[in-house]
Amino acid sequence: MAFENKFIQQRIEKAELLRKEGINPYSNDSQRNTTIEKYLNVNSDIEEKEDKRDENRHYIVSGRIKLFRIMGKASFIKIEDESGMLQIYVARDNLPEGFYNNTFKKNIEVGDIVEVSGYPFVTGKGELSLHANNVKLLTKAIAPLPEKFHGVTDKEIRYRKRYLDLIMNSEVRKTFQIRSRVISLTRRFFEDKGFLEVETPMMHPIAGGANAKPFVTHHNALGIDRYLRIAPELYLKRLIVGGFEAVFEINRNFRNEGMDATHNPEFTSIEFYWAYKTYKDLIEITKEYFQYLFGHLNLPVLLPYGDLEVNFENFQEIPLIKSLSTIGGVPEEIVNDKEKIIEFLSTQNITIKPGMNLGQLQGELFDEFVEEKLIDPTFITEYPVEISPLARRNDENPAITERFELFIAGREIANAFSELNDPLDQYERFKGQVDAKEAGDDEAHEMDEDFIDALSYGMAPTAGQGIGIDRLVMLLTNEHSIRDVLLFPAMKPLHNEEKNLEE
RNA sequence: GUCUCGUUAGCUCAGCUGGUAGAGCACGUCACUUUUAAUGAUGUGGCCGAUGGUUCGAAUCCAUCACGGGACACCA
């Protein structure tokens with residue numbers, strides 16, 4: 001039951017005692033006139049003053065009490081707001097009569113949110129602090145905070161109770177501030193390039209634009225099922241058909257698949273489509289985009305990621321087939337021979353599904369021998385057509401597509417290509433997908449006749465790209481689990497209440 | 001989905017080959033007007049994740065389940 005914990009009971013009693021003294025434990029009249037960061041900056045000159053204080057300055061700061069050290073008739077507390085941590089010196093004789101002994105020491109404690117007014121001074125140990133002449137309780141915390149030194153490290157608690165994680169681990173706040181900056185900068189970058197931000201449906205009649213299992217929901221009024229989108233691609237292309245020449249969307253996609261360190265059922269991507277351009281233009285704008293991000297985030301060009309160091313001035317570009325031998329060490333003479341690849345893979349103890357075609361086998365070689373070795377940003381180009389169902393064929397070599405994927409630190413960060421805009425070709429490829437679905441591939445596309453209809457009106461030659469924002473943020477913040485860059489990562493319910501609904 | 005490790009006080013963790021539960025912090029009480037994880041004294045605090053089993057006896061051994069971490073598979 002709620003509130004049965006004895007520490008919570010104790011704190012509820014304190015809140016009651018405060019009420020009896022006429023103090024509202026959930027006061028609403030904050031008078032704060034500065035943040036802690038500003039306070040520390042503005043008063044950095046106090047150190048130089050002869051008596052290391054300035055009683056003529058007066059500030060009101062607010063924050064949560066993180067540390068509480070009582071030393072008889074005086075105390076030091078540390079309070080934290082979003083901008084930082086500040087030490088407060090609270091002495092009995094500087095406060096209203098009786099407040100220190102009867103209220104402050106007894107009924108205010110770690111976790112409470114308080115407002116303190118006073119003047120700046122520097123302590124004997126040299127820490128810029130605030131000398132309090134008034135302490136006001138703003139919010140009583142009735143739940144105790146975790147231990148002050150170790151904090152909360154249990155990942156389950158950190159993800160389930162992110163608010164507690166944010167209270168206890170200030171570096172976590174930084175990660176999410178960077179995430180917000182990345183999204184904001186991304187938006188500004190594309191807007192400045194003349195792209196139009198658009199919103200396309202999250203609920204689709206047909207889950208298209210990627211190969212993935214969708215979530216299903218139901219629209220009562222129409223009596224029909226809808227799919228949470230797995231990608232915005234087909235709607236964004238409809239907008240290109242309609243005459244918009246540069247569009248982007250930053251939003252969530254939903255895929256009904258496994259969860260692990262790099263997958264969450266809902267994830268954020270940017271997709272952008274650019275008419276009259278090709279994938280080569282996308283390579284250039286991608287380089288520019290990274291330069292823009294690094295400049296505005298003040299990130300080092302040699303970016304550490306775990307044990308790795310990624311050089312963001314060393315963008316490489318290499319065709320997939322060539323990378324197999326030069327980077328992957330696969331014998332050059334086998335990479336265009338289906339039988340020899342199968343033989344090679346078996347000598348490497350890699351089992352493959354039967355019936356794979358040449359392009360799929362080349363993709364397999366790439367995944368096994370090349371991908372993890374791509375540390376510095378590398379555009380892998382010229383993907384086999386068999387593994388690129390939505391990409392335009394190369395005019396000279398119809399076996400390859402005008403496509404690249406960008407790999408950084410051994411991980412795919414972006415996928416881009418010149419778009420397939422031939423409606424008959426697209427129709428045939430959808431039909432192939434429908435056949436695959438009937439043969440048991442539950443991730444294959446359905447026929448999207450409305451999209452074919454759209455392409456029939458003519459889509460200008462267009463290049464399109466998707467970038468996984470979560471993984472990008474992981475890279476930029478040196479985080480190694482997607483859960484650490486999602487404020488509220490997907491978790492199983494703690495108690496089995498949902499089970500009843502299923503039965 | 002598979003394998004593997006974990007789940008003990010509010011938090012961080014001990015608890016050996018089975019004998020009925022410990023520390024630090026937090027909290028209560030006392031002392032202390034410049035501390036830095038303040039300090040000293042003292043006290044309270046546990047259905048040992050859940051359910052079964054083995055046993056005279058289970059936090060400990062076994063099984064099943066739940067939740068979490070990691071790895072693999074699939075995917076972005």
Side-chain angles (χ1 to χ4, degrees), chain A residues 4-11 13-14 52-53 66-78 85 87-95 100 105-106 109-111 121-127 129 131 141-161 164-165 167-168 209-213 230-231 233 252-271 351 353 367 405-407 411-415 441-443 466-472 474 480-484 489 491-499:
Chain A
E4 71 181 7
N5 177 290
K6 69 183 158 131
F7 295 109
I8 292 179
Q9 281 301 326
Q10 229 168 53
R11 283 168 168 260
E13 276 167 37
K14 289 184 182 184
K52 295 191 183 290
R53 63 188 55 222
K66 299 298 289 289
L67 288 170
F68 209 119
R69 292 191 280 269
I70 298 176
M71 297 172 309
K73 297 176 190 67
S75 301
F76 283 97
I77 64 174
K78 289 213 171 181
M85 183 99 82
Q87 175 166 272
I88 313 287
Y89 179 70
V90 183
R92 184 191 66 183
D93 298 340
N94 296 305
L95 296 179
Y100 183 80
K105 279 207 302 187
K106 281 193 178 139
E109 57 203 316
V110 169
F121 80 114
V122 173
T123 65
K125 296 280 167 68
E127 181 168 348
S129 307
H131 200 293
I142 61 168
L145 287 185
E147 198 244 344
K148 63 187 173 190
F149 186 56
H150 298 93
V152 54
T153 59
D154 184 306
K155 289 198 169 176
E156 183 165 2
I157 299 176
R158 291 186 45 218
Y159 298 147
R160 285 190 196 280
K161 301 190 170 190
L164 200 55
D165 187 28
I167 289 171
M168 298 308 295
N211 293 333
K213 278 175 257 179
I230 56 174
E233 172 152 352
R252 226 69 66 81
N253 297 313
F254 307 87
R255 297 193 184 173
N256 207 340
E257 291 166 352
M259 293 154 60
D260 62 25
T262 53
H263 297 84
N264 194 68
E266 49 182 308
F267 65 99
T268 301
S269 71
I270 173 169
E271 286 203 11
T351 51
K353 290 179 201 148
D367 292 346
E405 288 196 0
L406 173 62
F407 293 86
R411 218 176 258 158
E412 183 193 337
I413 290 291
N415 181 19
D441 180 357
D442 52 4
E443 292 187 359
I467 302 172
I469 296 289
D470 310 287
R471 290 183 181 178
L472 177 63
M474 284 169 68
H480 294 256
S481 170
I482 196 169
R483 295 179 201 97
D484 291 318
M491 300 288 277
K492 286 195 191 178
L494 260 189
H495 308 293
N496 297 333
E497 290 146 7
E498 276 76 35
K499 287 247 166 100

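The structure presented is a predicted model; accordingly, all values stated were derived computationally and were not measured. Just so we're on the same page: letters track the sequence lines, and every chain starts at 1. Just so it is clear, the values below take in all heavy atoms, side chains as well, and ignore hydrogens, waters and symmetry mates.
In this structure, A:Asn253 contributes its side chain and A:Phe267 its backbone to no donor-acceptor pair below 3.5 Å. Under the 3.5 Å distance criterion, the side-chain polar atoms of A:Arg255 are matched with a main-chain donor or acceptor of A:Ile230. Counting only distance, with no hydrogens or angles, the side chain of A:Ser269 and the backbone of A:Glu271 share no donor-acceptor pair below 3.5 Å. Of the possible donor and acceptor atoms, one in the side chain of A:Arg11 sits under 3.5 Å from a partner among the backbone N and O of A:Ala141. No donor-acceptor pair closer than 3.5 Å links the side chain of A:Arg160 to the backbone N or O of A:Met491. Between the side chain of A:Tyr100 and the backbone N or O of A:Ala91, no donor-acceptor pair lies under 3.5 Å. In this structure, the side chain of A:Lys52 does not engage the main chain of A:Gly124 through any donor-acceptor pair within 3.5 Å.
Rounded to whole Å, the P atom of B:G28 lies 23 Å from the corresponding atom of B:U34. Taking atom P in both B:U2 and B:G45, the straight-line distance is 44 Å, to the nearest Å. Of the C1' atoms belonging to B:U20 and B:G46, the separation is 13 Å, rounded to the nearest Å. Comparing B:G49 with B:U8, their P atoms sit 6 Å apart, to the nearest whole Å. B:A38 and B:G1 have their P atoms separated by 45 Å, with the value rounded to a whole Å. Taking atom C1' in both B:G22 and B:U60, one finds a spacing of 15 Å when rounded to whole Å. Of the C1' atoms belonging to B:A63 and B:A21, the separation is 25 Å, rounded to the nearest Å. For the P atom pair drawn from B:C62 and B:G19, the interatomic distance equals 15 Å after rounding to whole Å.
Remark on RNA chain B: of its neighbouring residues A:Pro265 and A:Arg53, the 5'-side contact belongs to A:Arg53, judged by nearest-heavy-atom nucleotide. Projected onto RNA chain B by closest heavy-atom contact, A:Glu156 and A:Gln10 fall at different nucleotides, the more 5' of which corresponds to A:Gln10.
A:Lys213 comes within 4.0 angstrom of nothing in the nucleic acid, heavy atoms only. Within 4.0 Å (heavy atoms only), A:Asp367 reaches no atom of the nucleic acid at all. No contact: A:Met168 has no heavy atom under 4.0 Å from any strand. Across all strands shown, A:Gly466 has no heavy atoms under 4.0 Å from either base or sugar-phosphate atoms. In this structure, A:Gly468 reaches neither bases nor backbone, as no heavy-atom distance under 4.0 Å exists between it and the strands shown. Across all strands shown, A:Lys148 has heavy atoms under 4.0 Å from sugar-phosphate atoms exclusively, and none from any base. Note on A:Arg160: only backbone sugar-phosphate atoms sit closer than 4.0 angstrom, heavy atoms only; bases stay farther off.
In this structure, B:G18 makes no Watson-Crick or G-U wobble pair, since no nucleotide meets both defining distances under 3.5 angstrom. Nucleotide B:A59: unpaired (no Watson-Crick or G-U wobble partner with both distances less than 3.5 Å). Using Watson-Crick or G-U wobble geometry with both donor-acceptor distances under 3.5 Å, B:A73 finds no partner in any strand shown. Across all strands shown, B:G24 forms a Watson-Crick or G-U wobble pair with B:C11, both key distances being under 3.5 Å. When both pairing distances are held under 3.5 Å, B:U39 makes a Watson-Crick or G-U pair with B:A31. Pairing for B:U64 is with B:A50, a Watson-Crick or G-U wobble pair whose two hydrogen-bonding atom distances lie under 3.5 Å.
Straight-line distance from the CD1 atom of A:Ile88 to the P atom of B:U35: 17 Å, rounded to whole Å. One can place CD of A:Glu13 at 11 Å from P of B:U29, the figure rounded to the nearest angstrom.
Using bins of under 30°, 30° to 60° and over 60° for the plane-to-plane angle, the ring pair A:His131/A:Phe121 lands in the perpendicular bin.
In the set B:G68, B:C27, B:C11, B:C11 carries the atom at the smallest distance from any side-chain atom of A:Pro146. Of the listed nucleotides (B:G70, B:G68, B:C25), B:G70 has the atom at the smallest distance from the side chain of A:Ser481. In the set B:C25, B:G69, B:U33, B:C25 carries the atom at the smallest distance from any side-chain atom of A:Glu147. Nearest to the side chain of A:Phe121, among B:U34, B:G70, B:U33, sits B:U34. Side-chain proximity of A:Glu127 to the nucleotides B:C32, B:A76, B:U36 is greatest for B:U36. Relative to the side chain of A:Ile70, the nucleotides B:G10, B:C32, B:C67 differ in distance, and B:C32 lies closest. The side chain of A:Arg255 lies closest to B:A76 when the candidates are B:U34, B:A26, B:A76. With distances taken from any side-chain atom of A:Arg69 to the nucleotides B:U12, B:G68, B:U36, the minimum falls on B:U36. Among the nucleotides B:G24, B:G68, B:U33, the one closest to any side-chain atom of A:Lys73 is B:U33. Residue A:Lys14 has its side chain nearest to B:G28 when only B:A76, B:G28, B:C11 are considered.
Remark: ring of A:Phe7 not stacked against base of B:G10; the cut-offs of centroid gap under 5.5 Å and plane tilt under 30° are not jointly satisfied. With centres under 5.5 Å and a plane angle under 30°, the ring of A:Phe267 is stacked against the base of B:A76.
Side-chain atoms of A:Gln87 come within donor-acceptor range of the base of B:U35, with a qualifying N/O pair under 3.5 Å. Counting atom types as modelled, A:Thr123 pairs a side-chain N or O with a base atom of B:U36 as donor and acceptor under 3.5 Å. Checked by distance alone, A:Thr153 brings no side-chain donor or acceptor within 3.5 Å of a matching partner on the base of B:U12. No hydrogens or angles were tested; on distance alone, a donor-acceptor pair under 3.5 Å links the side chain of A:Tyr89 to the base of B:U33. Between the side chain of A:Asp260 and the base of B:A73, a donor-acceptor pair under 3.5 Å is found.
When the side-chain nitrogen and oxygen atoms of A:Lys125 are compared with OP1 and OP2 of B:U35, one or more of them lie within a distance under 4.0 Å.
Here A:Arg92 contributes atom CZ and A:Lys105 contributes atom NZ; the two are 8.5 Å apart, rounded to the nearest 0.5 Å.
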